[in-house]
Amino acid sequence: MTAEYPDSPSTRVPSSPGRQQGAGLSHTGHVRKRNEDAILTDPSGVLWAVADGMGGYGHGDVAADLVIEHLALLPHAPITSADLVGALEAANSAVRRWAISADVAQMGATVVAALLNGGTATLAWAGDSRAYRWRDRELLQLTRDHSVVQELLDDGRLSPNEAWQHPQAHIVTRAIGASDHLVVETTEVSFRPGDALILCSDGLTDCVADAEITALMNAVSTPAVACQRLISAALDNGAPDNVSVIVVQIDGAAIS
């Protein structure tokens, strides 16, 4: 199946020109009527993000757009981890204010953002949007979901096989806009030439298992093709939710 992208997802690209190091795509999926994901792709290769609006709450598209807009406002001077967290905290406040002004009881979005600096990536996230590192034909999950299912896994009450596509998989414990006080988790991860960074919404990982993501990454040579193949796989597997993915190659090296 070939993916088509007619719905023009909310995408922000910072204005500073530069060399494209990656690609991003988003798709409404087979069930949702609108795309409530938003992505940030950076031609300078520095800042990338996926935000997944929480459709069950209402106005998820607005929440996702607010998250990406606040990240896109970061200057192209050196950006620190504190700057990244500060932008997400500002987005949290903006989503809360918008909900009050629109008389909406609750709205929110999950997010994963990556700040690339040489061979190091600073990751910041809230919710179950994920980051992976692809290296030497193997996939490593870099983020830990903020979700009920992850807590069940941590407590030993679920096995990894039971966790995938669990009925409570969509219940997150952190999100932008969910509360006045946002706790953003961060980590630093090393990369080397030939690696690839993958950011995605749960619309991908709910439909495409890690083993299939690995096999698809092993068979492509560019970020753009990788994004197309990953979204096509989600669509082939039903895609009940919006699907968004970003793939960034490190130091311009070919993926395979």
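Along the sequence shown, the residues carry numbers beginning at 1.
Atom CZ of Arg135 and atom CG of Asp195 lie 4.0 Å apart (nearest 0.5 Å). Remark: His70 NE2 to Glu89 CD distance equals 11.5 Å, nearest 0.5 Å. To the nearest 0.5 Å, atom NE2 of residue His59 and atom CG of residue Asp65 are 13.0 Å apart. With values rounded to the nearest 0.5 angstrom, Leu204 atom CG is found 8.0 Å from Ile198 atom CD1. Between the SG atom of Cys207 and the CD1 atom of Ile231 there is a distance of 11.5 Å, given to the nearest 0.5 Å. With rounding to the nearest 0.5 Å, the separation of CG in Asn242 from CZ in Arg34 is 9.5 Å.
Side-chain contact between Leu47 and Leu40 is present, with at least one heavy-atom pair separated by less than 4.5 Å. Within the 4.5 Å cutoff, the side chain of Val111 has no heavy atoms near those of the Asp52 side chain. Between Ile246 and Ile39, some side-chain heavy-atom pair lies under the 4.5 Å cut-off. Considering only heavy atoms from C-beta on, Leu88 comes within 4.5 Å of Val67 through its side chain.
With hydrogens and angles ignored, the 3.5 Å screen pairs a side-chain donor or acceptor of His30 with a backbone N or O of Leu235. The closest donor-acceptor contact from the side chain of His146 to the backbone of Arg174 lies at 3.5 Å or more, if one exists at all.
A donor-acceptor pair shorter than 3.5 Å cannot be found between the side chains of Asp128 and Ser147. A donor and an acceptor atom, one from each side chain of Thr80 and Asp83, are located under 3.5 Å apart. Of the N and O atoms on the side chains of Ser190 and Thr120, not one donor lies less than 3.5 Å from an acceptor on the other residue. Side-chain contact annotation: Trp134 with Asn218, donor-acceptor N/O pair under 3.5 Å present. The closest side-chain donor-acceptor pair between Asp37 and Ser201 falls under 3.5 angstrom.
Remark: Glu151 engages Thr173 in a side-chain contact (heavy atoms from CB on, under 4.5 Å) (not counting sequence neighbours).
When every heavy atom of Ser129 is checked against every heavy atom of Thr143, the shortest pair comes out as O-OG1, 4.1 Å. Contact between Leu197 and Ala114 at its shortest, heavy atoms only, is CD2-CB, 3.5 Å. The shortest non-hydrogen separation linking Asp241 to Gly203 is CB-CA, 4.3 Å. Residues Ser101 and Trp98 come closest through the heavy atom pair OG-O, 2.8 Å. Nearest heavy atom pair, residue Cys200 against residue Tyr132, reads SG-CE1, 4.0 Å.
Look at Arg229 and Asp236 and you find no salt bridge, because none of the NZ, NE, NH1 or NH2 atoms lies under 4.0 Å from a carboxylate O.
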Determine, step by step, whether Asp136 and Arg192 satisfy the salt bridge (charged side-chain N to carboxylate O under 4.0 Å, His left out) criterion, reporting the C-alpha distance in whole Å, the side-chain angles of both residues, the deciding distance to 0.1 Å, and the verdict. CA-CA 11 Å; Asp136 295 335; Arg192 64 192 188 203; 2.6 Å; yes

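Note on Leu140 and Leu123: same hydrophobic cluster, where clusters join Ile, Leu, Val, Met, Phe, Trp and Tyr whose side-chain heavy atoms are under 4.5 Å apart, directly or indirectly.
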